[in-house]
Amino acid sequence: MTNTTAAPARDHRDVYRLMSLMTGAEKHGPAATSTLDVLWVLYDRVLRVTPDTVDAPDRDRFLLSKGHGPMAYYAVLAAHGFFGEELLPGFGSYGSPLGHHPDRMLVPGAEIGSGSLGHGLPLAVGSVLGLRAQGLADPRVWVLIGDAELDEGSNHEAVAYAGPAGLEQLHTVVIDNASASYARPGGIAARFEAAGWSVASVDGRDHEALYAAFTAPHPGRPRAVVAHVDPKP
């Protein structure tokens with residue numbers, strides 16, 4: 001399997017227009033915008049999944065855990081052809097498949113039904129273990145979490161387990177927009193490093209830096225990328 005996806009329908013600049021099609025009091029615009037560049041680089045250059053391979057056993061899996069990120073997620077999925085942009089104006093409305101939290105049964109390309117903080121990283125760990133049990137060593141599992149989610153103990157259990165277990169297929173992107181309630185000694189990166197992860201800290205709006213961090217080798221260890229982002233575009 002190659003490290004490419006199908007050609008996107010639009011370029012990065014058009015995603016802001018797609019995001020503008022979604023309205024409502026629950027859209028969490030600034031928080032969603034802080035994830036936009038990470039999501040774009042992943043779907044445009046890194047993730048091995050396309051609208052035609054969403055059910056392929058050897059696809060990469062992307063799990064959105066950050067609860068206030070769906071608006072950007074939907075815009076990027078639409079830009080890459082997972083569904084039509086005509087669905088975007090209905091975001092969050094009754095009868096729309098695009099809820100305030102993604103539903104894997106309704107949103108093409110969504111791997112999990114997310115919402116409650118702290119669930120995505122443990123689910124990603126379980127996904128890697130499930131792939132291993134099936135003898136699938138090639139698919140990678142990516143999960144995007146927010147810095148505030150690290151206030152949840154379930155995430156720390158997953159971090160503590162994944163490093164010693166050598167879950168090389170696991171990749172975590174932490175959006176650090178300074179929204180966490182509690183500071184971490186040495187910062188977020190130090191927490192992952194202490195658990196044996198391969199770690200990088202980058203500017204979350206620098207596409208080349210993100211790509212380099214996402215594609216760096218990390219044999220025998222899970223990978224964490226801490227993306228520092230001002231939530232304003």
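Just so you know, these numbers use all the heavy atoms, side chains as well, and skip hydrogens, waters and symmetry mates.
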Exactly one of [options] should register a side-chain contact (heavy atoms from CB on, under 4.5 Å) with [X]. Which one does?
| X | options | answer |
| --- | --- | --- |
| Trp142 | Val49, Val173, Leu63 | Val173 |
| Val38 | Leu42, Leu36, Val41 | Leu42 |
| Val125 | Val141, Thr172, Leu167 | Leu167 |
| Ser65 | Asn155, Ile145, Leu121 | Ile145 |

> Between Glu85 and Arg17, is there a salt bridge with N-O shorter than 4.0 Å?
Replying inline: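 Looking at Arg17 and Glu85, the cut-off is met.
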> Salt bridge check: are Asp58 and Arg48 linked by an N-O gap of less than 4.0 Å?
Replying inline: no
Once you round to the nearest 0.5 Å, how far does [atom1] of [X] lie from [atom2] of [Y]?
| X | Y | atom1 | atom2 | value |
| --- | --- | --- | --- | --- |
| Phe62 | Leu64 | CZ | CG | 5.0 Å |
| Arg61 | His171 | CZ | NE2 | 13.5 Å |
| Leu150 | Ile188 | CG | CD1 | 5.5 Å |
| Leu88 | Ser96 | CG | OG | 8.5 Å |
| Leu39 | Asp44 | CG | CG | 12.0 Å |

[X] versus [Y]: any side-chain heavy-atom pair under 4.5 Å?
| X | Y | result |
| --- | --- | --- |
| Gln169 | Leu131 | yes |
| His228 | Asp203 | no |
| Tyr74 | Met22 | yes |
| Phe83 | Pro51 | no |
| Pro97 | Asp103 | no |
| Val202 | Val225 | yes |
| Phe82 | Val76 | no |
| Arg205 | Val229 | yes |

Do [X] and [Y] have side-chain atoms, one donor and one acceptor, less than 3.5 Å apart?
| X | Y | value |
| --- | --- | --- |
| Asp37 | His207 | yes |
| Thr53 | Arg59 | no |
| Arg191 | His156 | yes |

Nearest heavy atoms of [X] and [Y], plus distance in Å:
| X | Y | answer |
| --- | --- | --- |
| Ala189 | Ser201 | CB-OG, 3.6 Å |
| Ser34 | Lys66 | OG-CE, 3.9 Å |
| Glu111 | Tyr73 | N-OH, 4.5 Å |
| Ala79 | Val15 | CB-CG2, 4.4 Å |
| Ala110 | Pro102 | CB-CB, 4.5 Å |
| Ala213 | Ala200 | CB-CB, 4.1 Å |

> Are His80 and Trp40 close enough that their ring centres sit under 6.0 Å apart?
Replying inline: yes
Under 3.5 Å, side chain of [X] to main-chain N/O of [Y], donor-acceptor pair present?
| X | Y | result |
| --- | --- | --- |
| Ser93 | Gly90 | yes |
| Asp60 | Arg140 | yes |
| Glu149 | Gly146 | yes |

> Can you list the steps and then say if Arg221 with Ser198 is a side chain to side chain contact (heavy atoms under 4.5 Å, CB included)?
Replying inline: CA-CA 6 Å; Arg221 294 194 290 168; Ser198 167; 3.8 Å; yes
>> Applying side chain to side chain contact (heavy atoms under 4.5 Å, CB included) to Val174 and Phe192, what does each step give before you reach the verdict?
In response: CA-CA 11 Å; Val174 184; Phe192 286 87; 3.9 Å; yes
> Arg223 and Leu170: side chain to side chain contact (heavy atoms under 4.5 Å, CB included), yes or no, with the steps?
Replying inline: CA-CA 6 Å; Arg223 178 71 164 167; Leu170 177 62; over 6 Å; no
